[in-house]
Each structure stands twice: as structure tokens, then as C-alpha cells.
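Take a look at the structure below.
Note that ligands are numbered from 1 as they come in the structure, with each ligand's atoms numbered from 1 the same way. Predicted model only: the values in this text are computed from it and were never measured. For the numbers below, each heavy atom of this structure counts, side chains included, while hydrogens, waters and symmetry mates do not.
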Amino acid sequence: MKKKSSKQTEQALKENAHENDLYNFNHARSKLSFERLIEMAEKMGMEKNPLFVCHERAAKATTQINGKEYLNFSTYDYLDINTHPEITEVVTNTAQIFGTSAGASRLVGGERPPHIELEHAIAEFYEVEDCIAYVSGHATNVSTLGYLFSARDAIFYDGLAHNSLVQGARLSGATKYSYAHNDCAALETMLKKHRDKHKRAIIVTEGLFSMDGNIPDLPRIIKLKRKYNCMLMVDEAHSFGVLGKTGRGVREYFGLASTDVDLWMSTLSKCMCGCGGFIAGKHELIEFLKYGSPGFVFSVGMPPVIAAACRKALEIMLREPERVRKLQHITRYFLEYAKGRGLDTGQAQGYAIVPVIVGDSIVTGFLSIALFKRGIYAMPVTFPAVKEGTARLRFFLSAAHKEEHVQQALDAVVEELPKAKASVEQYQREHQNER
Ligand SMILES: Cc1ncc(COP(=O)(O)O)c(C=O)c1O
């Protein structure tokens, strides 16, 4: 066999190193921060990874993990509709006709009656001309913003806008302006300074913010949209089914007209217990998206069973507004009880989502693990998902929760929080030489 020259060896080493770089994800920031949580959990005696926890049945007010029942505060099923027998029935019937797949992009062979019926029902719900349903909520935002806007345009978005909105803005190539969270004065300053530099502009906000559980001043944003000639997109992922007397969202909460907002967006994975997302608005806009938006045109249609399930969930929600009342009652109760026990609930307004702000990311992780050991499942949200120093446990409430559940969970938080702080101090003392 011929011996390799030193040049060849050098080249091979270079290629090897290059290849290693190519596949080396072990030092990625997000992976490392999750690994830290897993490592801490192990040191606290948790046998399993606290992430990717496997639930053995539908997660409602309680859930089952590893054969044990937990009080659950981590479900999007705000209205307690998931597993409703009418949904199971419609899913079974639809599967018998269409199977489980749309089979193709809807544009070219994947269109089925449940898609059309769902979109009609949502357009009617919003009192707008038309609606487009995408196969994923995240893709709805990425594809819509990415497709509608381009380099000459501007996207003004709330500083706490969901990742999918930010990714969509990035993809579009438009100039991005992120204004301080929920700060309309900051938004106006930006609009005054930059709006005229661009051809088209859009303001993007959410109906209920998923990290803080607070609501934007939408009437004021609508005035700004008119004054500065912008479009307006509202992501109702967490406000659809949650806000307003009958769950009609932020529009009902403020008594707005449907036409005040150009793009009503929501996911179907929260109150609608399915998956996917939609944009509702003017027919011309929806047609434009249906014929061009990549996440719709180049992606399979949502499974017909999911479309049928979501339509049924919408019907149940409108027929049983007591679910919305129950959710609003229990969240207000949670908020008041937490405040009464001296916990920091930040800007939460008492609708479905209430954070308990802890501050330090590691203490928050420890607290979540301590609660888990006591049979309470509430997930931590830490940096980089929220600003450093504002890590929190995020509680999702549901119409299925009872006041006793709330008391049990929050009493445990009050007891465990000082212990978690002390454990972290001890942990840091013991492990200070390891990094
Ligand atoms: C505000 C907001 N928009 C969009 C999405 C993405 O939706 P999905 O999870 O249904 O893809 C989420 C997800 O949680 C969200 O919170």
C-alpha cells in the first residue's frame, strides 16, 4: 500500500476537522442550557429527564406520568375540550372516509370537504370574507409574513412576539422593528421615524401574550395602524377561546370590528385541540396566500380528521360558553390566590396563563423539579426564552381546574421556593470548581 504524503495527511485531517464541525451540535447554546437542567435534575435525585416527559393519557387538570397521577398546569387545552366524545366520534367517522392523511398539497390534490368546512366556520366566526388553514401554527406565521412582505417593506413587532412571527419577519427580508413589549408609545416613536422609508408596513402583535399572560392595548394599536398607514396582524394563539364573554377573543374583549385587523391569525393547537393554524381576513388576501404562500402550497394539507376535529371543537366552544366562564373564573382565582400568598405574577391579567416569576433560571429549574416530586407538573421558562432575571414557572389554567388544585399547587410553590433558593446556593458552593 502506498504511504500517504504529509500533504495528503494534512488534507485528510483538515477534512476530518471540517466534518467534525459540520456534525458537532454538542456546544450549541440552547442544547447546553437544557443539559444544565437535566444535570441538575439528576443531582436532585430525579431519575428521568425532566424534559420530553411522556404523558400516558390526555393531559387535563391531572395527567399520568410513569403510572403516577400529577396535577397538571402545562396543557393548552384551555377549555377542557380535548377527548370530548363528539370530537372522537367525528374523528372516527372522518377517518373512515378519508383516512388519516390529506395525501397531497391542497392546491394539487389534497383538498377535502373538512378543510373547506373548517375555513368557512372560522371566517364566519371572525365575520370576515375568507380563511386559509395551514398544517402548522408555526408555519402559518413564518409562511404568511415571509411571503407577504419583502425588502422594501417594514415589520413592526412586539418585543415578546412569538418565535414564529420573528422567523416570518426574518424570512421576508423586510426591515424589522421590534418595539418594547406592549409599549405603544415606543411603537409610535418607531413608526414616526421609520414608516415613511418603506413601501408597505405591518404591525404584528398577539391577543394574549404567552409568557406574561397580558393583553395589548389593541384599540390604541388600531389607531396607530390607521395614522401610519400600516396593516395589522394579531396572533390569537392564546386569546382565541380565552378572551371575551364567549371566547371570541381579543376582538370581543375590546368590542372591536373584525375589519379593524387585517390578518386574524390563530393556532388550532390550543383551544381547538388539534394542530395547524389559520389566517382570516379579506378574500383577496386569502386567495393570494392560497396560491403562493410556501407553507401552504408546498406542504401537505392538514389531515382531514384534524380539520373535522377543530371544526367540532369550535362548535362545542360556541355552544357551551360556560367553559369560557369557568376558565376565566379559575384563572382570576389563581391570580388572586398567588398574589395573596406573596408570589410575583408579573403582568398577568387573569386569562389562562399566569407566570410565577422567580428570577434566577437555576432556582426556577430546581423549583419545577421540587414540585414535580410533589406531584405537580408546571414547567419552567428560563433564559433565553425570557430575559435573564425573569425566569418563571408558567401555569396554564384550564376550565377543568378546581380551586383546590390551585391552592395545592400554589401552597407547594410557597413552601418550595425558599428551599429551591437554598438548594441552588448549596449546589453552587459544592460544584463551583467543576466549570
Ligand atoms: C403566540 C403563538 N403563535 C404561534 C404558535 C405556534 O403554534 P403551534 O404550536 O400550533 O405550531 C405558538 C405556539 O405555542 C404561539 O404561542
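- Less than 4.0 angstrom separates some heavy atom of E206 from each of these atoms of ligand 1: 1 (C).
- Contacts of L268 with ligand 1, taken as heavy-atom pairs under 4.0 Å, are absent altogether.
- Remark: distances from the non-hydrogen atoms of Y76 to ligand 1 include one below 4.0 Å.
- Residues meeting the side chain to side chain donor-acceptor pair (under 3.5 Å) test with N82, sequence neighbours left out: none.
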For a side-chain contact (heavy atoms from CB on, under 4.5 Å) check, start with the C-alpha distance between F209 and H162, then their side-chain angles and the critical distance, and finish with the verdict.
CA-CA 9 Å; F209 286 94; H162 188 260; over 6 Å; no
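- No heavy atom of C275 sits closer than 4.0 Å to any atom of ligand 1.
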Could you walk me through whether H401 and Y333 pass ring-ring contact (aromatic ring centres under 6.0 Å, His included), step by step?
CA-CA 11 Å; H401 282 117; Y333 181 81; over 10 Å; no
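- In terms of protein heavy atoms, atom 16 (O) of ligand 1 is closest to H238 NE2, 2.7 Å.
- The protein non-hydrogen atom at the shortest distance from atom 3 (N) of ligand 1 is D235 OD2, 2.6 Å.
- In this model, a donor atom of one side chain and an acceptor atom of the other lie less than 3.5 Å apart for H329 and E403.
- Among protein heavy atoms, the minimum distance from atom 15 (C) of ligand 1 is reached at H162 CD2, 3.3 Å.
- Note that R106 lies outside the cation-pi zone of F296, set by a 6.0 Å cut-off to the ring centre and a 45° limit from the axis.
- Below 3.5 Å of separation, one finds an N or O of G137 facing an N or O of ligand 1.
- When only modelled atom types and interatomic distance are considered, N72 and T63 share no side-chain donor-acceptor pair under 3.5 Å.
- Listed by atom number, the atoms of ligand 1 under 4.0 Å from S164 heavy atoms are 3 (N), 4 (C).
- From the protein, the heavy atom lying nearest to atom 7 (O) of ligand 1 is T267 CG2, 3.0 Å.
- Taking only non-hydrogen atoms, the option from K270, M272, H138 nearest to atom 9 (O) of ligand 1 is K270.
- Among protein heavy atoms, atom 10 (O) of ligand 1 sits closest to S269 OG, 2.6 Å.
- Short contacts between ligand 1 and A237, defined as distances under 4.0 Å to a heavy atom of the residue, involve ligand atoms 1 (C), 2 (C), 3 (N), 15 (C).
- Taking the charged nitrogens against the carboxylate oxygens, K312 and E315 do have a contact shorter than 4.0 Å, which makes a salt bridge.
- A distance below 6.0 Å separates the ring centres of Y253 and Y351.
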